[in-house]
There are 2 protein chains.
Amino acid sequence: MLCRKGKRTMKTQRLNVIREVLTGTPVTSQDELRRKLRRRGIHVTQATLSRDMHELQLFKGPHGYSLANGNGTKTSAAEEDDQPPTLAEMLDSFGLRVKQAMNQVVLGTLKGGAQPVAAALDREDWPEVAGTIAGDDTVLVICTDARQAGEVAARLRTILQG
Amino acid sequence: MLCRKGKRTMKTQRLNVIREVLTGTPVTSQDELRRKLRRRGIHVTQATLSRDMHELQLFKGPHGYSLANGNGTKTSAAEEDDQPPTLAEMLDSFGLRVKQAMNQVVLGTLKGGAQPVAAALDREDWPEVAGTIAGDDTVLVICTDARQAGEVAARLRTILQG
DNA sequence: AATTCCATTGTATATTTATTCAAGCGCGGT
DNA sequence: ACCGCGCTTGAATAAATATACAATGGAATT
């Protein structure tokens, strides 16, 4: 193998240069990056760059690679450890009471809790639920008929009582 | 070529579903997306998806694809109508699904789409519709009775499907 | 020093994405 | 009607990216 250049922190060194190059000029392929690095005396293969890219958590967008951090793509940047909260957790935090009215279920929550609770409920994707609408402290759950509403209400109560 | 489904809004429809799927679950390859879409009745090839991805300005990062800006809707950049948008246009942009529940119709939309869709629906002033309530991604349409609700649901579906 | 372990890399290859080319279809003008 | 134009798509293929595997070398351990 060819490593005639440096000695110990070869890799971290290279990662830094990559970061620098990327913030400076747009790069649209790993091979292009490879050529740019070569001009700076760093000689690696595309395979290595692929691994580097992964390690640097880079995003590839319409205008080339970018760092997940500073510029674009805040969308899903810093959300790798928390899953969306479960319905049980949400009800535990915000849920207050459950009432049924024909094919609807009215779910009372703490102030500001309706929105997140509804989102969690949507995520569960229960077949009896046609949809939900959330205000500030009340979630309206629409079911396909009264029977299903009863079922849903019971299930919500169960979770709530835990 | 197989296009037995709709006629002209096929594509925009698909783009919306793609957005929805992406915000819902992580997707790490176009082929995976293709399979997910197929389960929803949308059958296209990877080539088409590649083109869609470009059009939606998606970023591919360590955790799969993500939307570049919070939620585009800038799909057609060069649109200068100053008329209030029609219901058909709104549904085309935001509409996802229609469900009936007794005398109500629940209309699922993209995030942030419920409000404008409901406004457009109000503007149409359909006699069967007693009123609408919009949350963030769900519109509840109250009809005078179940029969009318069925009628409204059917009409909405027709518009939605093209 | 010999041995083991681990990190790093290149080569070759598999997988994924973009593009080329040629249909198919609707629309508007002649 | 016919023709041409533009948009959308699929099939095939090129280009780009990720990975399996083996080799190397350095550090730690015995």
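The CG-P distance, from A/Asp52 to D/dA18, rounds to 11 Å in whole Å. Whole-Å rounding puts the A/Leu37 CG to C/dT9 P distance at 12 Å. One atom, CG of B/Leu33, and another, C1' of C/dT17, lie 13 Å apart when rounded to the nearest Å.
Qualifying salt bridge (Lys or Arg N to Asp or Glu O under 4.0 Å) partners for B/Asp31, counting only residues two or more places apart in sequence or in other chains: B/Arg34, B/Arg35. By the salt bridge (Lys or Arg N to Asp or Glu O under 4.0 Å) test, A/Asp122 is found to be paired with no residue, residues two or more places apart in sequence or in another chain being considered. Listed by chain and number, the residues in a salt bridge (Lys or Arg N to Asp or Glu O under 4.0 Å) with A/Lys36 are A/Glu32 (sequence neighbours excluded). Listed by chain and number, the residues in a side chain to side chain donor-acceptor pair (under 3.5 Å) with A/Arg97 amount to none (sequence neighbours excluded).
Distances shorter than 4.0 Å separate none of the side-chain N or O atoms of B/Thr48 from OP1 or OP2 on D/dT9.
Of the candidates B/Ile18, B/Val21, B/Leu22, B/Leu22 is the only one forming a side chain to side chain contact (heavy atoms under 4.5 Å, CB included) with B/Tyr65.
Distance from the side chain of A/Arg14 is smallest for C/dT9 among the nucleotides D/dG10, C/dT9, C/dT11.
Put simply, the side chain of A/Arg34 and the base of C/dT9 share no donor and acceptor less than 3.5 Å apart.
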Derivation of the salt bridge (charged side-chain N to carboxylate O under 4.0 Å, His left out) call for A/Glu151 and A/Arg155
CA-CA 6 Å; A/Glu151 171 64 32; A/Arg155 212 179 305 160; 3.3 Å; yes
Between A/Glu20 and A/Arg40, is a side-chain contact (heavy atoms from CB on, under 4.5 Å) present by the stated rule, with each step listed?
CA-CA 12 Å; A/Glu20 192 193 340; A/Arg40 297 187 177 215; 3.7 Å; yes
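For the helix from C/dA1-D/dT30 to C/dT30-D/dA1, the rotation axes defined at the first and last 5 base pairs enclose an angle of 20°, given to the nearest 10°.
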Check the interface with nucleotides 13-17 of chain D: list each N/O to N/O pair with the protein under 3.5 Å, or write none.
| unit_1 | atom_1 | unit_2 | atom_2 | d |
| --- | --- | --- | --- | --- |
| D/dT17 | OP1 | A/Lys60 | NZ | 2.8 |
| D/dT17 | OP1 | A/Tyr65 | OH | 2.6 |
| D/dT17 | OP2 | A/Gln30 | N | 2.7 |

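Between the side chain of B/Glu128 and the backbone N or O of B/Ile142 there is no donor-acceptor pair closer than 3.5 Å.
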